[in-house]
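See structure below.
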Amino acid sequence: MKIVIFGGSFDPVHAEHVNMVRAAQEALSPDKVIVMPAFIPPHKQDRALASPQDRLNMAKLAFAGIKNCEVSAYELNAGGTSYTYLTLGYLHGKYPGAQLYFLVGADMLKDFYTWKQPETILSLAELAVCNREGDKIGYSAEQLRFFAKFRKKFIGIEYTGRDISSTKARVLAAFGEDLKPYLPFDVIDYIEANELYRIKGVKGALSYLKPSRRKHTLGVALTAAKYAAKYRLPERNAILAAALHDVAKNMPENAPELSGFAIAEKVPHPVLHQYTGAYVAEHTLGIDDEDVLNAVRYHTSGRPNMSDLEKLIFLSDMLEPSRDFKGIEKLRRAFAEDLNECMYISLKHELKHLKKAGGEIYPLTVKAYEYYKKLRKQTNG
Ligand code: FE
Ligand code: FE
């Protein structure tokens, strides 16, 4: 008997999860596929997730039409951190003599080396890997690396999934965007009926934006959510701050939302909307999280000693996918590596650009630049 096991947080399950299972069935002709939602995935311990029950229900809906496929509540019932080697040990005992395959996406294969007890996993199951657009790996080079480490090969499945992720689906759901290209219809209905992934304040913020500004804002939110996991920041705050950051960008000075707004210092016009935006967020939209408000308040100028959320929004605003300027690739690489280093290069870039264009330079930006320059010197000795 051949059994394919497919684990994940499924938060939410998306169309490529289903396609991967279909591709694995095609390639491996298993007798059974077991889809296994994790209680707490080892790499995502501080992420806000939909409840285990909701994730299980969504997985059941998504895989209902796939033959010989069952969704197991084993890890959800076990609770705690869901380690693959333990789950495979359990299945090995339950189906003695069966050939087990553990199905993963290429993004997971990169992490596999850091999983708990990878050798145990490989003694219990063969690894079957599916590629993904945007995150594609070269199978032959990866096989060499894999073999060098484990003296085993993995099975490469000839299917390349589209570049969609559950993180992206959560952002789109929070923004009220169309989920049809990404999720099974029944899952979309479930998300809507149960109001999953909604974030208070996001829709209110978006109602102020023109379509082009909304598109940029969505890019900022997708970027911020992607890096929130890496820098261990609450994803909901990242999405909320992104949704809010340009809320007052096109607001006239005499808008009722700005009555009572005052600022003592002289602020260059392109910077002013960070302060008016934070004001609207607080006074009209009722946002009271100081870190979120500060992420809006300093997203254009930066400032010394920013919180990680402030840096995340500043950098996501500058580097979201629709941005394009000379040197952006270097900045994007730095974003994936180190927030402080990226702040330093970004502020340096911004000041240089402002000087060249003859734009007014806001003293706080200079202070921020000097702060991150000094910090860099200290860290690099
Ligand atoms: Fe802005
Ligand atoms: Fe912006």
Side-chain angles (χ1 to χ4, degrees), residues 171-172 174-175 177 199 201-228 233 237-253 255 257-258 261 263 265-285 287 289 291-303 306-325 327-328 331-332 335 339 342-343 345-347 349-351 353-354 357 359-366 368-369:
V171 176
L172 294 173
F175 269 55
E177 294 283 321
I199 299 168
V202 167
K203 288 202 178 148
L206 298 178
S207 70
Y208 286 100
L209 306 182
K210 292 192 288 196
S212 63
R213 178 75 37 203
R214 184 183 167 114
K215 191 171 165 260
H216 157 69
T217 294
L218 178 60
V220 176
L222 288 167
T223 308
K226 180 174 149 189
Y227 287 112
L233 290 163
N237 282 357
I239 297 173
L240 177 58
L244 291 163
H245 87 284
D246 276 344
V247 70
K249 182 98 177 177
N250 302 106
M251 209 173 254
E253 259 171 63
E257 288 84 352
L258 294 178
F261 172 79
I263 188 155
E265 57 174 323
K266 191 178 160 290
V267 180
H269 183 74
V271 177
L272 188 65
H273 76 283
Q274 65 180 19
Y275 296 116
T276 49
Y279 186 85
V280 172
E282 185 175 2
H283 292 92
T284 305
L285 298 167
I287 306 301
D289 186 309
D291 199 19
V292 170
L293 292 172
N294 282 333
V296 177
R297 195 172 278 130
Y298 299 105
H299 83 264
T300 308
S301 65
R303 64 165 170 166
M306 293 161 84
S307 75
D308 281 351
L309 184 68
E310 292 172 37
K311 293 176 222 168
L312 181 77
I313 298 304
F314 179 97
L315 295 171
S316 299
D317 185 29
M318 192 163 178
L319 302 172
E320 58 102 353
S322 72
R323 297 281 198 204
D324 193 15
F325 51 83
I328 195 168
L331 285 169
R332 284 187 175 137
F335 196 8
L339 286 176
C342 194
M343 282 305 301
I345 329 177
S346 300
L347 287 160
H349 176 96
E350 191 168 308
L351 285 170
H353 176 81
L354 274 172
E360 194 182 339
I361 290 175
Y362 185 40
L364 190 59
T365 304
V366 179
Y369 169 66

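In this text, all values refer to a predicted model and were calculated from it rather than measured experimentally. We count ligands from 1, going down the list as the structure has it; atoms in each ligand are counted the same way.
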**Q.** Polar side-chain atom of D246 near backbone of K249 as donor-acceptor pair, under 3.5 Å
**A.** no

**Q.** Which N, O or S atom of D246 lies nearest to the Fe ion (ligand 1), by name
**A.** OD1

Q. Any N/O/S atom, backbone or side chain, of H245 lying under 2.8 Å from the Fe ion (ligand 2)?
A. yes

Q | the Fe ion (ligand 1) to H273: nearest N/O/S atom name | A | NE2

Q. Do you know which N/O/S atom name in D317 is closest to the Fe ion (ligand 2)?
A. OD1

Q.
Check this for me: H353, atom NE2, are more than 12 non-hydrogen atoms of other residues, nucleotides or ligands nearer than 6.0 Å?
A. no

Q. Do the side-chain N and O atoms of S301 and Q274 include a donor-acceptor pair separated by under 3.5 angstrom?
A. yes

Q) Parallel under 30°, tilted from 30 to 60°, perpendicular over 60°: which one fits the rings of F325 and H349? A) tilted

